[in-house]
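Since the structure comes first, as structure tokens, the remarks are kept for the end.
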Amino acid sequence: MVDSTTAERIGLTWLRAELEPVGAFGRRHDETIAPYAPGDEAKALAEIADAVALARTLHFDGVARIRAALRAVPEPGPILARARAGDPLTDVDFYELGRFVDALAALARAWDAARGAAQRRPPTLDAMRAILAPARENGGFYLADAFGAGLPAARTALASAEAEVDARREAIAARVREVTGVDPIGDEFVVLRDVYTGPLPDGARVVRDAPAYRTVAIDVTSSARDAALARLTRAEEEARRALADRIAAEAGAGNDAVRALGALDRALARVAFAQRWGGCVPTLAPNGIAFDQAVFAPLAGALGERGRRYTPISLDLPGVAVLTGANMGGKSAALATAGFLCACVALGVPPPAREAALPLLDAIVWIGGEGPQDRARLLSSYAAEIVRAREALEHASSRTLMLIDEFARTTGPREGRALLIAFVEALRARGALALVSTHFDGIAEAAQVAHVRIAGLREGALGAVSPDDLDAALDAINLAMDYRVVDARDGAATSDALALARLLGFDATVVARARELYEG
Amino acid sequence: MATAAARSVVVVGTAKNAGKTTVFNALRAVAARRGAVMAVTSIGRDGEPFDALDAEPKPRVRLAAGTLVALPAGLVPRSPALALLDRGEESALGTMMFARAMLATTCEIAGPPTARAMRATIDRLRALGEGPVLVDGAIDRIAPLAGGDDAIVVATGAASGATVERVAAVAAETVARLRIPGRDPACERARIVRVPGALDARDAEELLGDTGDVTVVIEDPTRVAVRGALFAKLQAFVDLRCERPLQVVACTTSPVGRDATLPARALVEAVARATGLPAFDVVADLTAVPDG
């Protein structure tokens, strides 16, 4: 849909990071859903409307808690798949399934606490929980006696046989102590030849015979113990088999739950976005772009972190329009906002605006300056622009949004202006959707397209700011600038370049001389 | 049992076949005789039927009923079933599982791969159980002990030297390294040099070229990468201290080497003298204390 340079400029890279699901379920789910394209309007609108509705319903802090609970849900997929295939499961597998149903219960509690609607409550897999319940104490797992009719007796028999073996082992150990003087602590022990060289008592087996010592183990063979262990092994395997079969019967519900969690993860990412930035249910229409009081969230967030205000902007772009206005007035941000809102609807995200009419697009292309790809191709700024413009023009249509930022600014102004006029004329002729920012005069009129401008510096709004204090100057500009996009017929477009240069600390005499030249 | 008061005991050996696992099993047996329910894990991999390096038969780890154990999921025995209580860090053999033996069983045990995870494993075993935690350690993997209050038992024996004197010297050097004292403001010298990270041979040579009137502070004894005569020289020359000392409480001796056997009583006494720690021969049932 967009290349990496465009993704960076319109905030799509930022947006994708904001929408990153918290869990593996959500990531897998996301991978199955391509960005919405023309023809997908109903699906996109449904997802956006759902996110807006949930954002209004769910408690703000509750969404964060639901997402935290989602992040904690372990992955049951491979275990469920093996159960369905009839493979044996281990106790660790059952333990992990126990964690899974516990995590689902915690997720459902978080949902309820956030005032989530009952019909949208995440699955809890009560049947699987009930199956595992006899094995679970304090969140653990033990193949409890309840899982197999033969288990209690088999365990009792083994415990008895082990006790009998221990008693016999202790009797042999006592005989070893008596005969050799060595206290056989542990499973194996050593008898030094300079301590004892005689025969060992029955039941004491030499496992290593070295010149200076013998390593000895007390071997107590017990057919009763062996039989009891074999019986218990069979009983435990039968119990696991039966338990795995019951789990397999619930595996379908488990997989449904996993899919539901994936969808919930994706939805909650959009809900969290809408709760932070606001968002509307837009009209999805193919002809043009219009939005009111829209927020370019990446910029608004960055400004907010620095304590600066962000001015929401409005725009009506029927086809091709030229945008002019003050330096630092937000022309590039206006272009980015248009691209950002279109990216939002393509990803099923409520666009952060009071209201909006937006199209689903095949592509968004940013032309202006150079990006990392261009630098990698060793292209100059001008060459990069021309190459991108050439490629974009080949595909220009109403299904592609072109955001053209000060095209040809790095070449001679007369040729650059002529080239831009011709480019805009070509875009208009192809019925393209394009917003073109520029400082060249008369482009819109010459190419016969709409003309809008940034309102610019408010009259007399710049107070006395020390040119040496850049932060204070930027704050002053931020306060003095009217970032609204207005019809260019309402007042003259200015660049405010000289006033801004002075405010940014450029030499006063140089700026004064420039003003003489400009006005003279 | 010298380590009775400790909440966790780590056995480390001065060399391979120094009798570490024998001591580990002996400590478990003694605890069992006293009715204590232990928790066990291993810094390396233990309990496999044969030594991974020399293919010699190795004693399996037999867990009495009630024993707590930390082991990777891949080593959880199928029968008799363990009660799985909790899970920990990932390891090469699967997630570390904390479990209790409900019936006596025999198994392999192994620990997690990182020092941080090993420390967390020991601490979790402490929290889960009431008895002491016993760790089959490794002298070249003692980083997990830093910052803990584990009691450390150094297993030494004929595998680390051909004579009683040599074995005692190796034990003394190992213990000296592990027992680098904590900081004491009253005793610090005119200048304090902090060595972040490992103290290696290059650091040691630089310090030896100094005036000597210096207190050298390292993070903990596991950061000392200097061995042998260089370490002895350094320790004699500077005041070597650490922020987080270890508790080395005892040595054990194994007089049995692959090809020769040392006199058991002479060995246990020599090790006690050389290290200044109580020494035990758990096989021959011998005890020596430094001043005895």
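Every chain is numbered from 1, with letters handed out A, B, ... down the list of sequences.
- Neither the backbone nor the side chain of B:Ala65 comes within less than 4.5 Å of any heavy atom in chain A.
- Of all heavy-atom pairs between A:Tyr95 and B:Arg87, the closest is OH-N, 3.2 Å.
- Atom CG of A:Asp202 has 12 or fewer heavy atoms from other residues, nucleotides or ligands within 6.0 Å.
- Other residues, nucleotides and ligands contribute only 12 or fewer heavy atoms inside 6.0 Å of the CD atom of A:Glu137.
- Smallest separation of non-hydrogen atoms from A:Leu232 and B:Pro80: CD2-CB, 3.8 Å.
- Between chain A and the options B:Leu85, B:Thr95, B:Val256, heavy-atom pairs under 4.5 Å are most frequent for B:Val256.
- In the displayed structure, B:Arg166 atom CZ is contacted under 6.0 Å by at most 12 heavy atoms of other residues, nucleotides or ligands.
- There is no contact between A:Arg136 and chain B, counting heavy-atom distances below 4.5 Å.
- Contact of A:Arg240 with chain B is made through the side chain alone, with heavy-atom distances under 4.5 Å.
- Chain B forms more heavy-atom pairs under 4.5 Å with one residue of A:Val195, A:Asp183, A:Asp166, A:Leu143 than with any other, namely A:Asp183.
- Between A:Val92 and B:Leu84 there is a side-chain heavy-atom pair separated by less than 4.5 Å.
- Only the side chain of A:Glu96 comes within less than 4.5 Å of a heavy atom of chain B; its backbone N, CA, C and O stay farther away.
- A salt bridge is absent between A:Glu236 and B:Arg78: the closest approach of a Lys/Arg side-chain nitrogen to an acidic carboxylate oxygen does not fall below 4.0 angstrom.
- Contacts between B:Leu103 and chain A at a heavy-atom distance below 4.5 Å involve the side chain alone, from C-beta outward.
- Separating the CE atom in B:Met102 from the CG atom in A:Leu158 is a distance of 13.0 Å, to the nearest 0.5 Å.
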